[in-house]
Structure formats: C-alpha cells, structure tokens
Amino acid sequence: MSVVTAFPTMVANIITALKASSDLNGVRIFDGMEVDESYPGDAVAIGHDGSFGDIEMQAGSIQNSPFAFTDLHEEQGSINCSLWSQDGSTDLTARRNRAFALLQAVDSVVRTEKTFSNACLYSILTTNSIGYRQTQLGAAVVIDFTISYQAQS
C-alpha cells in the first residue's frame with residue numbers, strides 16, 4: 001500500500017536531523033507553531049511560514065502527478081520554515097551574521113541528508129527571505145526559507 005504523501009515523514013525526519021546536528025547545538029528546533037518567543041535566542045521552526053500571532057500558518061504545499069505508465073505518483077513538495085536569531089541586544093550585524101550561520105547549518109544538514117532516511121528522492125533548500133524585527137527583546141534577524149523535495153508514492 002502506498003502512502004498519500006511524504007510530507008509528514010519529511011517534516012519529522014528534518015526535525016530529527018536538525019536536532020542531531022552538532023552545528024545546531026543549543027538552537028531550539030520547533031515543529032511548526034510550537035514556537036516560544038518568550039525569551040531571546042536562536043531557533044529554527046519546520047513547517048512554519050514566519051507568521052506569528054492569530055493568523056493561519058502555511059506549513060507547506062504538495063503537488064502530485066501520475067508517474068508515467070505506473071500506479072505511482074510523483075510528488076513535488078515544499079516545507080515552509082523559519083529561523084531567527086535574537087539575543088536581547090540591538091546589534092543587528094551580529095544577529096544577521098548568526099542567522100546566516102544558522103541557515104548554513106540547516107543547508108549542510110539538507111545537503112548531507114538529501115533523502116531524509118529515504119522519505120524522498122532528493123531535497124534542497126530553495127528559497128530565502130530575510131527580515132529584521134525590533135522587539136522589547138532586542139533586534140532579531142528572521143530568515144524564512146523553503147525545503148523542497150521530490151518523492152514517489
């Protein structure tokens with residue numbers, strides 16, 4: 001029996017791989033909306049589009065198409081993710097450098113774990129958008145990014 005989509009397995013496997021990365025020691029890794037902004041720090045949220053508050057969050061997207069002359073489906077998926085660096089200071093340069101170091105660490109995991117334990121055929125970090133926030137907890141640099149993948153089911 002085939003699975004409908006690789007999306008849930010991909011999210012779970014990405015979270016597991018990021019938590020295991022020594023480059024992300026001390027960085028909070030969240031599953032979607034399980035976000036705690038109560039104190040400054042570095043964090044990565046998988047299945048999170050970067051929005052906060054009482055608005056709907058888009059975790060990602062899936063597009064399936066038939067695989068030629070078989071019962072298989074080809075799945076093109078994307079998982080929205082967000083990371084941020086905030087330490088209570090107003091040093092935007094330091095936060096920006098740290099945010100991009102976090103993005104590099106995430107990209108290294110994606111490049112190393114291309115199939116995320118065979119949940120997909122390949123994956124790649126595909127888009128980035130950078131934002132700055134000034135809050136009562138200091139300056140923050142936020143990078144919203146997408147991990148895209150291809151799978152068969």
Side-chain angles (χ1 to χ4, degrees), residues 1-86 95-96 98-133 135 137 140-153:
M1 181 174 170
S2 63
V3 295
V4 174
T5 178
F7 190 90
T9 304
M10 283 294 297
V11 169
N13 291 357
I14 290 168
I15 290 168
T16 298
L18 293 180
K19 286 182 176 182
S21 171
S22 61
D23 291 337
L24 294 170
N25 269 349
V27 175
R28 296 169 294 160
I29 308 295
F30 294 112
D31 185 350
M33 297 187 304
E34 176 200 354
V35 173
D36 178 2
E37 286 191 301
S38 63
Y39 63 94
D42 296 332
V44 179
I46 306 303
H48 190 296
D49 66 4
S51 61
F52 288 93
D54 295 332
I55 51 180
E56 182 178 329
M57 186 174 297
Q58 296 299 314
S61 64
I62 304 162
Q63 181 179 357
N64 284 313
S65 56
F67 198 70
F69 308 110
T70 71
D71 289 336
L72 295 174
H73 287 102
E74 184 175 70
E75 177 177 328
Q76 300 290 332
S78 62
I79 301 168
N80 296 330
C81 306
S82 187
L83 68 78
W84 56 94
S85 180
Q86 185 174 27
R95 291 306 93 221
R96 183 175 46 246
R98 176 63 177 155
F100 277 95
L102 293 174
L103 185 64
Q104 177 61 50
V106 170
D107 186 55
S108 292
V109 169
V110 173
R111 287 173 186 257
T112 302
E113 303 286 336
K114 289 178 179 70
T115 68
F116 286 98
S117 299
N118 297 315
C120 68
L121 301 172
Y122 72 87
S123 59
I124 186 170
L125 198 147
T126 53
T127 61
N128 306 302
S129 110
I130 300 96
Y132 298 146
R133 292 186 183 153
T135 71
L137 298 174
V141 173
V142 179
I143 302 177
D144 298 324
F145 61 96
T146 303
I147 297 174
S148 297
Y149 67 90
Q150 182 179 13
Q152 288 180 350
S153 59

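A distance of 9.5 Å separates CG in Asp144 from CH2 in Trp84, rounded to the nearest 0.5 Å. Summarising the geometry, atom OG belonging to Ser61 is positioned 10.0 Å from atom CD belonging to Gln76; distances are rounded to the nearest 0.5 Å. Rounded to the nearest 0.5 angstrom, Ser65 OG and Glu75 CD are separated by 10.0 Å. Atoms CG and CE, on Asp49 and Met33 in that order, are 10.0 Å from each other to the nearest 0.5 Å.
Closest non-hydrogen pair, Phe30 versus Ala43, comes out as CE1-CB, 3.6 Å. When all heavy atoms are compared, the tightest approach of Ile46 to Cys81 is CD1-SG, 3.7 Å. Scanning all heavy atoms of the two residues, the minimum distance from Ala6 to Ala119 falls at CB-O, 3.4 Å. The shortest non-hydrogen separation linking Gly32 to Met57 is C-SD, 4.4 Å.
Legend: residues meeting side chain to side chain donor-acceptor pair (under 3.5 Å) with Asn80, ordered by chain and number and at least two apart, are absent. Partners of Gln58 according to the side chain to side chain donor-acceptor pair (under 3.5 Å) rule, which considers only residues two or more places apart in sequence or in another chain, are Glu56. Contacts of Ile130 classified as side chain to side chain contact (heavy atoms under 4.5 Å, CB included), with partners at least two apart in sequence or in another chain: Phe100, Tyr132, Val141, Ile143. Here Ile124 pairs with Thr126, Ser148 under the side chain to side chain contact (heavy atoms under 4.5 Å, CB included) rule; sequence neighbours left out. For Ser129, the side chain to side chain donor-acceptor pair (under 3.5 Å) test picks out no residue, with sequence neighbours left out. Residues satisfying the side chain to side chain donor-acceptor pair (under 3.5 Å) test with Thr127, not counting sequence neighbours, are Thr146. Residues that satisfy the salt bridge (Lys or Arg N to Asp or Glu O under 4.0 Å) test with Arg98, not counting sequence neighbours, are Asp42. Every residue two or more places apart in sequence or in another chain that forms a side chain to side chain contact (heavy atoms under 4.5 Å, CB included) with Ala140 is listed here: Gln86, Arg133.
Note on ring orientation: taking the six-membered ring where Trp is involved, the planes of Phe7 and Tyr149 are tilted (angle from 30° to 60°).
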Side chains of residues 10-24: which donor-acceptor partners sit under 3.5 Å, not counting sequence neighbours?
| from | atom 1 | to | atom 2 | distance (Å) |
| --- | --- | --- | --- | --- |
| Asn13 | ND2 | Phe116 | O | 2.8 |
| Thr16 | OG1 | Ala12 | O | 3.0 |
| Ser21 | OG | Asp23 | N | 3.3 |

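The stretch residues 101-116 participates, sequence neighbours left out, in these side chain to side chain donor-acceptor pair (under 3.5 Å) pairs: Gln104-Ser108, Asp107-Arg111.
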